Protein chains: 2
Amino acid sequence: MAKAPTVYDVAAHAGVSIATVSRVLTRPDDVRAATREKVLASVGELGYVPSGAARGLAARRTGVLGLYFPGFDAMDEIDDAVFTGVDDAPHATGAELVDDIGGAAEVRPLNLYFDEVLRGAELEAWRRGFVLMVGIGRGDNAEQTVRDMAGRVDGLVMLAQSVPDGVMAQLSRRVPVVVVAGPRREDAYDHVSVANTEGMRALTEHVAAGLEPDELLYLSGPADSPDDAERWEGFCQALEARGVDASTVPILRGDFTREAGRRAAAELAAGERMPRAIVCANDQTALGLMEALQARGIRVPEDVLVTGFDGIEAGALATPRLTTIRQPMDDLGRAAIQVMARRLDDREQAPLSIRLPVKVLLRESSERR
Amino acid sequence: MAKAPTVYDVAAHAGVSIATVSRVLTRPDDVRAATREKVLASVGELGYVPSGAARGLAARRTGVLGLYFPGFDAMDEIDDAVFTGVDDAPHATGAELVDDIGGAAEVRPLNLYFDEVLRGAELEAWRRGFVLMVGIGRGDNAEQTVRDMAGRVDGLVMLAQSVPDGVMAQLSRRVPVVVVAGPRREDAYDHVSVANTEGMRALTEHVAAGLEPDELLYLSGPADSPDDAERWEGFCQALEARGVDASTVPILRGDFTREAGRRAAAELAAGERMPRAIVCANDQTALGLMEALQARGIRVPEDVLVTGFDGIEAGALATPRLTTIRQPMDDLGRAAIQVMARRLDDREQAPLSIRLPVKVLLRESSERR
DNA sequence: AAACCGAGTGTAAGCGCATACATTCGTGGA
DNA sequence: TCCACGAATGTATGCGCTTACACTCGGTTT
């Protein structure tokens, strides 16, 4: 790795000017075939790889799109404490036998979310000749991370609420910003989200059919989640379409974790009566709830119907399988990149707001018997 | 988004030279406190975000690390066909009710692999002040993708076998390369992998204890997989340590898919006798095998023990829960970045080869009753 | 008081490419 | 044969930074 060759080296080697080398690499058709071959041969021989930095600087476009997610601080601190890594154990190797006595792994929903959106975004970016840069906000320099990214990309796709509004406004002065999964809001950004409200409304209409309002229970997510707000809105719409005042329906506040579902089960078991159907704001909570209910001898769906939201794999593997709403997370990522591409084509057009449809998956956990 | 401010704008606004602005941003301690405050105020006021391209070009370091994986071509073509996206349905929204009659989703192992490694790598990169760029090789311009990345990063972490050796050699002339999960091999690159062999050896010793060689069966992966080769090696070692010639053990060749497990079950059911224990080269295959065996009335583990390799979540949710080997994929990503950081510190040091330990998770699918 | 010193700041030279513009080449028509 | 004109190539500039080096200035040292 002595010293990477530059355009100058290639030009000299091929006996042409650097402009010709550059053209061969960016618009090959502008160069005579014979010249092109000569240059390409030199490129191959020297192992020339153009500098992205120089390209970006000269062309004022980097060909890179950024994908930024907020992270959970707590999770990373735990990881830090456990990990020893290369320096501590350079020769660590071997295998340890462990009697795994079970307890389902707590899957972190945001991660799954992240994974799928990322995959979709990467695919679409690739199709359009972009490279993806990913960043997860962490700790108090989260803002620094996203600023860094903003300086290196042609456009920034951000999960909603991942940075303060003021910061986002500043970043958007430098690069176009597409907001993913945010609340419906009138602002200057392009938005891509899923039909949270419509999905929950359809599911609720199905599940609550024939039930009195007080036979229902809504197990919510954290109060500051726009996702939860939209789902709750859908829940309310379904009831109000039947002329029911949604505020009469009992609600239990959770936080999207499995544990929240377990707590809710405990609370319900201790109370005087059990609802006939429990609509949960996400799958993790619904799974925790089912598990804890069943542990107390309460049957799903015979005694109580349970539904979730997200469509995580564990829901399909649970017993009974969990009725839920599948969000097309990978499409979310793809759509975000598509919207970004459109924005980069024409920076003046009015902000776009895309809403992707969801699928309500009816499974055994909500089956009337 | 009129025109992004540059150092010159900030310098003029703060009444200093561009060198001072640059210093405030890169080595704040070299600047008098009063000056620093003045500059930072201007930065804030103007919403200045430094250009990564210019920085990279001038400093000869980009602060970006690349993570490159090969992809499955087939998978992406399918996605393409299905996806409509923004342009086709700009106002698509709503919810569709679907009776989900089941059939476990086929989880694509490489994706999970990718997700976890990525997560670990991102975490470690962040801790060290790097940003991550991700790329998945696809189609015939896969080489172009990775070349592009190489031009934009300070170092490239690549999954083994993702590009031809020649290409990798060329790339490594430009940036340091760390190979993840590759075969043990003497070459000029840094390597990070998991203890495939040791893990499979430990598991086999446990499972095969007290069994005759012909009561065993090995259900392998594809012939060209270095992972499979290493696992097979561990399997053999375990037997040979007991003085058994591993070549006398029956073997069935699969390809890491669930379907391969189902096929194997059919084949075994049609044959004259059933082994007492089946060691599979990965979890997907093991799960497909268990499922198809049980569908034929063959009980696991009462009639036959089954083990996997990977530690995917579905294995913990299966009935019975699948004995397997958990690879620390996220640690793999983290270690790769650590090794890269070390390499960037000193480019002359001898190539490192790290091997991370695995955990053998003993669960019900291999429990003697 | 002269010479010296170091902290703080400014000046200017690139980094490696894309591209506007200038120049040369090749070709066909007169 | 010569000229015109488009195609192919070369020249030169600047993208927005970092950084080596030069410079200023107040405070020491002798």
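Residue numbers begin at 1 in each chain, while the letters A, B, ... track the order of the sequences. Since this is a predicted model, take the numbers as computed values, not measurements.
- Donor-acceptor pairing under 3.5 Å, judged by distance alone, is present between the side chain of B/Arg23 and the base of C/dG10.
- Formation of a donor-acceptor pair under 3.5 Å by the B/Arg343 side chain with backbone atoms of B/Gln349 is found in this model.
- Counting non-hydrogen atoms under 4.0 angstrom, B/Val16 reaches the backbone sugars and phosphates but no base.
- Not one N or O on the side chain of A/Arg347 forms a donor-acceptor pair closer than 3.5 Å with the backbone of A/Asp345.
- Between B/Met168 and B/Val179 there is a side-chain heavy-atom pair separated by less than 4.5 Å.
- Minimum heavy-atom separation, B/Ala336 to B/Val192: CA-CG2, 3.9 Å.
- Residue whose closest nucleotide on DNA chain C sits further toward the 5' end, between A/Ala53 and A/Arg60: A/Ala53.
- Take the nearest nucleotide of DNA chain D for A/Ala59 and for B/Arg61: the residue whose nucleotide is more 5' is A/Ala59.
- Which of C/dC17, C/dC15, C/dG10 sits closest to the side chain of B/Ala58 comes down to C/dC15.
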Please list, one pair per line, the donor and acceptor atoms closer than 3.5 Å that link side chains of residues 152-163 of chain A to other protein atoms, with sequence neighbours excluded.
residue: A/Arg152; atom: NH1; partner: B/Thr62; partner atom: O; Å: 2.5
residue: A/Arg152; atom: NH2; partner: A/Asp148; partner atom: OD2; Å: 3.0
residue: A/Asp154; atom: OD1; partner: A/Thr62; partner atom: N; Å: 2.8
residue: A/Asp154; atom: OD1; partner: A/Thr62; partner atom: OG1; Å: 3.1
residue: A/Asp154; atom: OD2; partner: A/Thr62; partner atom: N; Å: 3.2
residue: A/Asp154; atom: OD2; partner: A/Gly63; partner atom: N; Å: 2.7
residue: A/Ser162; atom: OG; partner: A/Leu159; partner atom: O; Å: 2.4

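- A 4.5 Å side-chain heavy-atom check between B/Thr145 and A/Trp126 finds at least one atom pair inside the cut-off.
- Between the axis at the start and the axis at the end of the helix from C/dA1-D/dT30 to C/dA30-D/dT1 there is an angle of 50°, using five pairs per end and rounding to 10 degrees.
- The closest donor-acceptor contact from the side chain of B/Arg60 to the backbone of B/Ala58 lies under 3.5 Å.
- Of the side-chain N and O atoms in B/Thr20, one or more sit less than 4.0 angstrom from OP1 or OP2 of C/dG10.
- Of the residues in residues 145-157 of chain B, not one comes within less than 4.0 Å of DNA chain C through any heavy atom.
- A donor-acceptor contact shorter than 3.5 Å links the side chain of B/Asp190 to the backbone of B/Leu352.
- Chain B approaches DNA chain D over the interval D/dG16 to D/dT19, counting the first and last nucleotide 5' to 3' with an atom under 4.0 Å from its heavy atoms.
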Under 3.5 Å donor-acceptor pairs involving side-chain atoms of residues 31-42 of chain A, not counting sequence neighbours:
residue: A/Arg36; atom: NE; partner: A/Pro28; partner atom: O; Å: 3.2
residue: A/Arg36; atom: NH2; partner: A/Val31; partner atom: O; Å: 3.2
residue: A/Ser42; atom: OG; partner: A/His13; partner atom: ND1; Å: 2.8
residue: A/Ser42; atom: OG; partner: A/Lys38; partner atom: O; Å: 3.3

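- Counting only heavy atoms from C-beta outward, the side chains of B/Leu118 and A/Leu118 approach each other to under 4.5 Å.
- Near-neighbour residues of DNA chain C inside residues 32-40 of chain B, defined by a heavy atom below 4.0 Å, number-ordered: B/Arg32, B/Thr35.
- Between B/Asp29 and A/Pro50, it is B/Asp29 whose nearest contact on DNA chain C lies nearer the 5' terminus.
- To the nearest 0.5 angstrom, A/Asp115 atom CG is 11.5 Å from A/Asp330 atom CG.
- Of the possible donor and acceptor atoms, one in the side chain of A/Thr26 sits under 3.5 Å from a partner among the backbone N and O of A/Ser22.
- Backbone-only contact: A/Arg27 has heavy atoms under 4.0 Å from sugar-phosphate atoms and none from a base.
- Between the base of C/dC17 and the side chain of A/Tyr8 there is a donor-acceptor pair shorter than 3.5 Å.
- Looking at heavy-atom distances under 4.0 Å, B/Ser22 makes contact with a base.
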